[in-house]
Amino acid sequence: MAVLQLLLFGGLWSSVGASSLAVVTCGSVVKLLNTRHNVRLHSHDVRYGSGSGQQSVTGVTSVDDSNSYWRIRGKTATVCERGTPIKCGQPIRLTHVNTGRNLHSHHFTSPLSGNQEVSAFGEEGEGDYLDDWTVLCNGPYWVRDGEVRFKHSSTEVLLSVTGEQYGRPISGQKEVHGMAQPSQNNYWKAMEGIFMKPSELLKAEAHHAEL
């Protein structure tokens with residue numbers, strides 16, 4: 001689904017108001033920045049020449065590339081209602097907007113660093129349980145200005161960038177892979193995007209806390 005189509009949906013919310021509303025929610029479409037290497041999570045219809053042969057996932061420095069948009073969804077075989085705040089510790093899927101494939105990992109070796117391969121898999125947003133990633137963060141919810149880690153729910157590697165750079169046909173793009181150990185290479189932050197309004201659930205919890 002094109003980003004332009006997403007802009008036509010109702011209930012969009014793209015500015016941060018009160019801090020209680022500055023959460024990342026299901027249905028939002030975001031770019032994710034690796035804060036150590038200053039690259040955005042990216043994919044495109046280019047397949048790995050080794051390993052799984054699935055669609056490659058990379059990191060790019062460009063801010064304007066439309067191939068860096070990912071839609072936040074519930075884990076495999078579940079529906080996360082639009083506007084539901086993402087809790088720390090919650091498994092999610094990240095679906096690449098332009099190709100409809102999900103961020104994925106498995107026991108293949110990544111081509112440059114020899115870590116675990118990360119690919120994009122599935123068709124029209126549907127893949128398998130290896131598309132699930134757990135959001136690791138501090139506090140109750142994933143907030144827009146906070147750094148998070150993504151832990152692969154099945155193999156337990158962390159979504160990472162360590163700086164290895166591809167040549168042709170994707171010259172200058174960085175390898176994205178899975179690493180077993182936490183480090184500064186695993187931190188990501190939500191950047192540009194279309195953020196759905198938090199649902200009434202969060203507002204109700206905030207009201208309850210004030211009583």
Side-chain angles (χ1 to χ4, degrees), residues 1-14 24-33 39-60 62 64-87 90-108 110-111 116-135 142 148 150-155 157 159 166 169-170 173 175-178 188 190-197 199:
M1 181 182 293
V3 173
L4 181 60
Q5 288 177 290
L6 287 163
L7 287 167
L8 301 178
F9 288 176
L12 299 185
W13 183 74
S14 58
V24 179
T25 57
C26 284
S28 295
V29 174
V30 301
K31 292 184 178 181
L32 295 167
L33 177 73
V39 292
R40 283 162 175 77
L41 188 68
H42 180 91
S43 193
H44 39 221
D45 200 11
V46 177
R47 295 184 176 271
Y48 288 121
S50 60
S52 69
Q54 293 176 2
Q55 182 171 300
S56 59
V57 173
T58 63
V60 297
S62 172
D64 301 325
D65 196 320
S66 67
N67 274 318
S68 299
Y69 282 112
W70 300 83
R71 181 159 49 100
I72 300 170
R73 304 169 65 208
K75 68 178 182 178
T76 301
T78 69
V79 175
C80 185
E81 295 295 334
R82 188 172 66 190
T84 302
I86 302 296
K87 294 181 178 180
Q90 178 178 335
I92 62 169
R93 280 175 293 175
L94 292 168
T95 301
H96 188 243
V97 171
N98 284 350
T99 64
R101 296 190 172 101
N102 298 322
L103 190 71
H104 183 92
S105 193
H106 40 213
H107 291 296
F108 285 90
S110 63
Q116 185 165 303
E117 182 188 278
V118 170
S119 63
F121 174 75
E123 297 295 335
E124 298 183 356
E126 298 307 317
D128 62 26
Y129 69 97
L130 293 173
D131 301 339
D132 295 342
W133 298 80
T134 299
V135 180
W142 177 5
V148 301
F150 299 102
K151 184 177 183 179
H152 191 241
S153 300
S154 295
T155 66
V157 296
L159 186 69
Y166 287 104
I170 49 176
Q173 297 185 22
E175 182 184 83
V176 172
H177 49 250
W188 300 83
M191 299 297 288
E192 306 81 9
I194 303 163
F195 291 84
M196 297 293 174
K197 278 185 179 179
S199 66

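The first residue in the sequence is number 1, and the count goes up from there. Keep in mind that this is a model prediction, so the values were computed, not measured. These numbers come from the heavy atoms of this one structure, side chains and all, not from hydrogens, waters or symmetry mates.
- For Asp132, the side chain to side chain donor-acceptor pair (under 3.5 Å) partners are Thr76, not counting sequence neighbours.
- Take Tyr166 and apply the ring pair (Phe, Tyr, Trp, His ring centres under 6.0 Å) test, not counting sequence neighbours, and it matches no residue.
- For the residue pair Thr95 / Arg73, a side-chain donor-acceptor distance below 3.5 Å is found, with atom types taken as modelled.
- Every residue meeting the ring pair (Phe, Tyr, Trp, His ring centres under 6.0 Å) condition with His44, not counting sequence neighbours, appears here in chain and number order: His42.
- Side chain of Trp133 to main chain of Pro91: no donor-acceptor pair is present (N/O by atom type, distance under 3.5 Å, no hydrogens or angles).
- Between the side chains of Ser153 and Thr134, at least one donor N or O lies within less than 3.5 Å of an accepting N or O.
- Glu192 is linked by a salt bridge (Lys or Arg N to Asp or Glu O under 4.0 Å) to Arg40, counting only residues two or more places apart in sequence or in another chain.
- In terms of the side chain to side chain donor-acceptor pair (under 3.5 Å) criterion, residue partners of Thr155 (sequence neighbours excluded) are, by chain and number, Gln116, His152.
- Once rounded to the nearest 0.5 Å, the distance linking CD1 of Ile86 with SG of Cys80 reads 4.5 Å.
- In this pair, Trp142 and Phe150 present their aromatic rings perpendicular. The plane angle is above 60°, beyond the 30 to 60° band.
- Judged as a side-chain contact (heavy atoms from CB on, under 4.5 Å), and not counting sequence neighbours, the contacts of Ser62 are Asp64, Asp65.
- Under the side chain to side chain donor-acceptor pair (under 3.5 Å) criterion, His104 pairs with His106, Asp131, sequence neighbours left out.
- Taking the side chain to side chain donor-acceptor pair (under 3.5 Å) definition, one finds that Arg101 meets it with Gln55, Glu123, sequence neighbours left out.
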